[in-house]
Amino acid sequence: LLAAALFVVGCSEQSPSPLQVYRGEQRIKLFKECMELAAKNTRKGDDDVSDIVSACSSQSWYLAQSIEAVPNGGGK
């Protein structure tokens, strides 16, 4: 999970901050939740899976970036 969080944060020479790691973890959680919700909906003939994945990815990124602080205990 940490490797995925580091991927989301991006490569840099410095270690990611706790906030960056937390945002990455939350983005993964939000993405999975979005995909689960999308899977429960009836698909239309013109639905493209790549569009759904792209929308979930984009929305999870924007929502995670809106997190301003790590909750006490790291949110765990």
Side-chain angles (χ1 to χ4, degrees):
L1 183 61
L2 181 58
L6 291 174
F7 175 77
V8 171
V9 171
C11 299
S12 69
E13 293 180 19
Q14 298 178 347
S15 296
S17 71
L19 178 58
Q20 290 173 316
V21 172
Y22 182 71
R23 283 177 176 164
E25 292 168 346
Q26 293 306 301
R27 181 180 181 192
I28 292 167
K29 180 180 172 185
L30 291 164
F31 177 81
K32 288 179 179 180
E33 184 178 328
C34 180
M35 292 299 293
E36 288 171 4
L37 289 171
K40 291 179 182 179
N41 288 327
T42 305
R43 293 200 37 216
K44 299 176 186 169
D46 62 345
D47 283 344
D48 186 358
V49 175
S50 65
D51 290 340
I52 295 169
V53 172
S54 179
C56 286
S57 178
S58 177
Q59 290 304 308
S60 65
W61 185 86
Y62 283 109
L63 289 169
Q65 293 306 304
S66 70
I67 299 170
E68 295 182 0
V70 179
N72 291 337
K76 305 223 184 244

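Residue Leu30 is not grouped with residue Leu37 when hydrophobic side chains (ILVMFWY) are merged at heavy-atom distances under 4.5 angstrom, including chains of intermediate members.
Closest approach of Val53 to Phe31, counting heavy atoms only: O-CE1, 3.7 Å. A pairwise comparison of heavy atoms in Arg23 and Ala64 identifies CG-O, 3.3 Å as the closest pair.
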Quick one: do Ser57 and Arg27 satisfy side-chain contact (heavy atoms from CB on, under 4.5 Å)? Show the steps, please. CA-CA 8 Å; Ser57 178; Arg27 181 180 181 192; 2.8 Å; yes
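Using modelled atom types, one side-chain atom of Ser66 and one backbone atom of Leu63 make a donor-acceptor pair closer than 3.5 Å.
When each of Glu25, Lys32, Gln26 is tested with Ile28 by the rule side chain to side chain contact (heavy atoms under 4.5 Å, CB included), just one qualifies, namely Lys32.
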